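Remember, it's a predicted structure, so these values are computed and weren't measured experimentally. Values below: every heavy atom of this structure, side chains too, minus hydrogens, waters and symmetry copies. Proteins get letters first, then strands, A, B, ... in listed order; numbering begins at 1 in each.
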Amino acid sequence: MTSPSTRPVRTRYAPSPTGPQHIGGIRTALFAWLYARRHGGQFILRIEDTDQKRTVPGSVDLILQALDWLGMDIDEGPREGGEFGPYVQSERLEMYQTWAAWLVDQDRAYKCFATPEELAEMRKAGAGYDRRYRDFPADRASELEAQGKPCVIRFKMPLGGVTIGDDMIRGPVEFDNEQLQDAVLLKSDGYPTYHLAHIVDDRHMRISHVARAIEWLPSFPLHIQIWRALGWKMPQYAHLPVLLNPNGKGKLSKRKQQFADAGGKSVPVLMHEFIDAGYLPSAVMNFLTNIGWNYGDDEEIFSTAQAMERFDLKDVSPANSAYPIAKLDWLNSQYIKRASVDELCRLLKPILEEAGYAVDEERLKQVVPLLRVRLKSTRDVVPIAGFFFADWASFKAPSADILIQRKMSRESTAAVLRGAIPVLQALESFSHVAQHSAVTAYAKSSGFKNGQVFGSLRAAVTGQKVSPPTFETMEILGKQESIRRIKLALQSITGSES
RNA sequence: GGCCCCUUCGUCUAGCGGCCUAGGAUGCCACCCUUUCAAGGUGGAGACACGGGUUCGAGUCCCGUAGGGGCUACCA
C-alpha cells in the first residue's frame, strides 16, 4: 500500500484559489518543490477550485506571482501546460464523476439523499451523519433520483478495524475505522470534494509524494481507504506541521495582527505583504526553509541551491512552530549586506520613487554603499536616506529633541555646532577623510568627545538620529549645503541666533 | 466532548542510548570598537514539561499525566 515508491519523483502544490497566498501555503509549496528538485523530479501546480462559493477570481495570478517571486519554477500547471492536464479541477469534472459512479457500481460508495436539514439535526444530536442511506435499496434510490431529488455520493467507510497510515515525517499512524464517517465524494452540484478529487488527480498526474498540511492527517485513513477501493497505488504522504502565531497560540492567522513577540508590530503573512515590506526573495526562502527543517552544520544562512542538495521530507520536524518573524528581519539585513551595489540600486530606486523622490542614478550609486549595513528592509531606504533625494533647498532644521544627543545639553550642542562651522569652512578639500581629521582635531581642542561632536553634526545635517555616516553624507551634500544646514540647526536650537 | 498529532533556551533549532557539566542562531543584556545611530567583535543570562519504567547508562526507548495544536462540513 505505501511501500517506498520507485517511481520518478513528482510533487505538487494544490492550492484553492480563494484569494491572496498565505505564507503557510507557500511553505507547503516550498517543501514539495525542494523535494522534487532534490530528486531531479517534477513540480506540478494544480488548482483545486471545487468549491464554487469560495473561488475568488484572480487568485491564480496571485499564486503564480508568489511562486515566481520566490523562484519556485513549475514544470506543469495551468500556465505551463503538460501532458496530464488540465491542471484546474473544475475542468476535470467528468473524471471525478466517472470514478464516483464506478465506486457506486463496486458497492464502495452510495447515493445519499439526506437533506441539509436532516444533516443539521444529526449534527446537533452529536454523532454526525448516521449512514441512513448506506444500505438504501437501489430501486428506491432510482425512484428518488427520477423525482429529481438531489443527492451526493458518499464513500462506504469500513465499519470496523483499523487503518494504518504511513507518514513520511512521523511514521505509522493508526486510526479506528469506526471513528470515521462516510465522507461525501461527489456533491449534489456534481463537483467532487477534496477527498475524491485529489486522489483521482494525484493518480492521473503520477504524483509520487504528497506534501500537505497536517490538518489533513485526520482524513488520511479515509484517503487510504479510497485509494484501496479504487485499486490504485498510493503516493507517499508527508503531513507538514503548521505555523503558529508568533506567540505560539493558534494557527497563524490570515489577518494582520499585532504581536508583542514581534515587537508589537503586525507581522506579514500574505505573500504580497512580504514583497511590499521590502524583503528579498532569497531571504524569505532562507527563512521559510529553516522552519521545521534545518540545513545543518550550524549554518543559518544558505542558498536555495544549497538547500536543494540536502532537503528531505523525512527530515522535517513533526512539531508545529511559532512563526519566528524576528529572524526574517535579521536574515533580510544579512542578504542586503551581501547584495551588490548594482543589485541594491535596482531594488531601491523604485521604492524611493514611489515615496515621491526624483532619483538620480549617480547619486544613488554614491549613497548605496553608505547605507547598506543599515537596512533591515529595502523600505528603510526612505527614512534613512530619502533626504539625499529631496529638494535640498527646502530642508527644514530638525527639532531640539533630535539635535540634542545623549549626554549633551542645549548649550553644549550649540557650542559644538557653532565651533564646527569655521573648521569645515576652512577646508580646501571637503572629502570625508579631510573632514574627519579636521573635526577630530577640533573635538580635541574644544574638549568634547569625538562622539559628541560627530553625533551633533549627524543630526544637524541629516535631521535624523539614524543615518549614513556623517562625513560621507556631508561630502555628498557639499560644503555649502552642509554648513547651511548646521547654521539652520543652530537657529533651531537657540531660537534666534544666526 | 471524541479522534489524531506534537512537547529541548522567549523564539527557530542541533541532538537519532554513553561524544551533553545539552551545541548553533535569533532576540535580550553588558562590554569593546566606532563617524555616540547602524554594522562588527567579545561575553552573559537562558531549555531537555512532569511522573513512572526499560537499561550498567536516557534529552534520546516505553507508559501515564499535563500542556499545546489539528480535525470533527455537500470548505479545502
When every nucleotide of nucleotides 71-76 of chain B is labelled 5' to 3' by its protein contacts under 4.0 Å (heavy atoms), B for base, S for sugar-phosphate only, - for none, what sequence of letters results? S-SBBB
What does the B/S/- profile of nucleotides 27-34 of chain B look like, 5' to 3', with a 4.0 Å heavy-atom cutoff to protein? --------
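Using modelled atom types, one finds no donor on one side chain facing an acceptor on the other under 3.5 Å when comparing A:Asp182 with A:Tyr133.
If you take atom P in B:G2 and the same atom in B:U65, they sit 12 Å apart, rounded to whole Å. Only the P atoms considered, B:U8 is 15 Å distant from B:G68, to the nearest whole Å. On the P atoms, B:C5 is 16 Å away from B:C61, given to the nearest whole Å. Separation of the P atoms belonging to B:G59 and B:G53 is 15 Å when rounded to the nearest angstrom. Here, B:G64 and B:C6 have their P atoms 13 Å apart, quoted to the whole Å. Between B:C29 and B:A49, the two C1' atoms lie 27 Å apart (nearest whole Å). If you take atom C1' in B:A22 and the same atom in B:C16, they sit 15 Å apart, rounded to whole Å.
Rounded to whole Å, the distance from CG on A:Leu370 to P on B:A38 is 17 Å.
Between A:Tyr194 and A:Trp216, the two ring planes are parallel [angle under 30°; tilted spans 30° to 60°].
Between the side chain of A:Gln179 and the base of B:G2, no donor-acceptor pair under 3.5 Å is found.
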Enumerate the protein-to-nucleotides 58-61 of chain B contacts in which both atoms are nitrogen or oxygen and the separation is below 3.5 Å.
none

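Among the atoms of the strands shown, none is found under 4.0 Å from any heavy atom of A:Gln464. Residue contacts for A:His432: at a heavy-atom cut-off of 4.0 Å it reaches a base atom on one of the strands shown.
Of the nucleotides present, none pairs with B:C19 by Watson-Crick or G-U wobble criteria with both distances under 3.5 Å. Pair assignment for B:C74: none, as no Watson-Crick or G-U wobble contacts are both less than 3.5 Å.
At the phosphate of B:C6, neither OP1 nor OP2 sits under 4.0 Å from any side-chain N or O atom of A:Asn320.
The side chain of A:Val173 lies closest to B:C4, out of B:U35, B:C4, B:A14. Checking B:A38, B:U36, B:C4 against every side-chain atom of A:Phe175, the shortest atom distance belongs to B:C4.
For the pair A:Arg170 and A:Arg374, nearest-nucleotide mapping onto RNA chain B gives the more 5' position to A:Arg170.
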Begin with the C-alpha distance, continue with both residues' side-chain angles, and end with the deciding distance and a verdict on salt bridge (Lys or Arg N to Asp or Glu O under 4.0 Å) for A:Arg46 and A:Glu48. CA-CA 6 Å; A:Arg46 181 175 75 225; A:Glu48 305 209 325; 2.9 Å; yes
